[in-house]
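Report on one structure; see the data block that follows.
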Amino acid sequence: MSNLTLPLKLVDFVNRSPSPYHVVHSCKTLLNKAGFRELKEDVAWKIEPKGLYYITRNSSTLIAIAVGGQHEVGGGRNGFSIVGAHTDSPCLRLKPISKRESHGYIQVGVQLYGGGIWHTWFDRNLKVAGRVIVRDNGKLVPRLVDINRPILCIPSCCIHLYREQNDKFSPNLETNLVPILATTIKAKLNSEDDSPPTSASNNCASARHHTLLVDLVAKELKVSANDVVDFDLYLADCQPGCIGGVLEEFVHAPRLDNQFNAFCGVEALIGSLDSLANDANIRILTMYDNEECGSQSAQGGMSAFTENVLRRFIQSDAASKVFNGYELSIARSLLMSCDQSHALHPNYANKHEGKHRPTMHSGPIIKTNCNQRYASTDLTSVIVREVANRSRVPIQEFVRRSEHQPALGATSFGNKIASILGIRTVDVGGAQLAMHSVREMAHVDAITYMVRLMIGLYEQYPEIFKSFQMEYQIELDLRIE
């Protein structure tokens, strides 16, 4: 039976992280305990060898940095060893005006975030979590909230009234996917005062959301409902993640895509610190929001955030006389973009290409697409295989069947960052089933393998880079006949 220490930590991480804001908060907690300190974007930075830092944007994206002890600050003579992940997952999110009432029911209007398997959200006990803006002594202050009990449900239509659903279940995503919060009669009986809040103005949440929900959020945060200005709330499965299977080998949990790699990334960066003093590179962990909808946001992978942070770390030494230090560092760098991948499903084996059928417990997967929907190349794949060999980690390969090719922009963030930064990149992921379902399934061994591979990248990439001829050299014969 596998050692369950890391899998149980992952389950706890997921259970504590029902939204991207909570993912970043969970990561900050772990980084703080390991000695990292937070940097602010609007403050000048002083970077030192062996320094441990992190910076956030929108409280939903995080970049953590561990500077090698042998790094020459500002010199551009060393590279970045980068592991990337993302904090978001497909889900339902409240609309800006979520008040709904229909046929005696109080409901909540939701938007579809990302490409979820939406039928899996029916008949689930659902909660809400996210960020709330409250008024506190004249200031607007963001707070995290997690209403950790089942307050919403999207019931299926009974088979007696909808016989066709076993043949083809195709709900209308606007009208059939609307969660129920309460009945209007019970709400009226439970209300002491039917009048709206005295400050239900345009800048008060009660003007746009039902008072039952606003009151619940206010109670959770121990503030007045009138002080709840607005919120960004995510619906989440109320059932916690767990270890399952008769041999306790599976992780059953929501949001494994991609909290699996966010958790592994933090564990790996912290786990690699014992060797940091001997490293000349800067070790980076990036975790982006909005990957599931294309990464095009101020906090997404396609923003200037990553480049800005990397440039500031290279240029923080004002006395440096090295020209183009950032560009020199990028040329010596590697990004391992870590996003979950697809294990062979025993009931849908024909969906996989015949020679590329990853299994649940056979190690991380290198994802390849010759049209660069994944950023892996033969060169970057060889580097990861070399790291894996040195780290005693098995490696698998994945390509999609030709009729299942992804549309442009419909893959992960790796190829997007590679094209923006011009950085060598490889796409890697852990094997899982039921990706983008409300509950997903992974293997406990995959966690240990992924952490070990990430630590191996941090510790071994600088040496591999020095021994690897990255570009093909042509010897020109300049002799004149």
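- Inspection of the Arg124 and Gln239 side chains reveals an N or O donor paired with an N or O acceptor under 3.5 Å.
- A salt bridge links Arg208 with Asp230: the closest approach of a Lys/Arg side-chain nitrogen to an acidic carboxylate oxygen falls below 4.0 angstrom.
- Counting heavy atoms of neighbouring residues, nucleotides and ligands inside a 6.0 Å radius, atom NE2 of His25 does not exceed 12 of them.
- Side chain to side chain, Ser376 and Ser381 fail the donor-acceptor criterion of an N or O pair below 3.5 Å.
- Legend: residues meeting side chain to side chain donor-acceptor pair (under 3.5 Å) with Asp279, ordered by chain and number and at least two apart, are Arg283.
- Nearest heavy atoms, Val444 versus Pro7: CB-CG, 3.5 Å.
- The residues Lys367 and Glu397 are annotated as not salt-bridged, no charged nitrogen and carboxylate oxygen being separated by less than 4.0 angstrom.
- Salt bridge status for Arg400 with Glu353: absent, with no side-chain N to carboxylate O gap under 4.0 Å.
- Taking the six-membered ring wherever Trp is involved, the centroid distance between the rings of His209 and Phe231 falls below 6.0 Å.
- Annotation for Ile159: atom CD1 counts as buried by contact number, over 12 foreign heavy atoms lying within 6.0 Å.
- By the side chain to side chain donor-acceptor pair (under 3.5 Å) test, Arg57 is found to be paired with Glu41, residues two or more places apart in sequence or in another chain being considered.
- Between His345 and Tyr348, the ring-plane angle classifies as perpendicular under the 30° and 60° cut-offs.
- The closest side-chain donor-acceptor pair between Asp12 and Asn15, if any, does not fall under 3.5 angstrom.
- Between Ser60 and Gln299, the side chains place no donor N or O within less than 3.5 Å of an acceptor N or O (distance only, hydrogens not considered).
- Taking CG from Leu216 and CD1 from Ile147, the interatomic distance works out to 4.0 Å, rounded to the nearest 0.5 Å.
- Checked for salt-bridge contact, Arg311 and Glu307 meet the test: a charged N lies under 4.0 Å from a carboxylate O.
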Check step by step if salt bridge (charged side-chain N to carboxylate O under 4.0 Å, His left out) holds for Arg131 and Asp232. CA-CA 5 Å; Arg131 181 170 65 186; Asp232 181 18; 5.3 Å; no

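- Note on ring orientation: taking the six-membered ring where Trp is involved, the planes of Tyr234 and Tyr113 are perpendicular (angle over 60°, cut-offs 30° and 60°).
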Show, in sequence, the C-alpha distance, side-chain angles and deciding distance for Lys127 and Glu220, and conclude whether the salt bridge (charged side-chain N to carboxylate O under 4.0 Å, His left out) test is met. CA-CA 13 Å; Lys127 65 178 184 176; Glu220 184 73 17; over 6 Å; no

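- For Phe263, the ring pair (Phe, Tyr, Trp, His ring centres under 6.0 Å) partners are Phe13, not counting sequence neighbours.
- Ring centroid separation for the pair Phe313 and Trp45 comes in under the 6.0 Å cut-off.
- Residues Arg390 and Ile464 meet the side-chain proximity criterion, which asks for heavy atoms closer than 4.5 Å.
- Aromatic rings of Tyr288 and Phe305 (six-membered ring for Trp) have centroids beyond the 6.0 Å cut-off, not under it.
- Aromatic pair Tyr54/Phe36: ring centres not closer than 6.0 Å.
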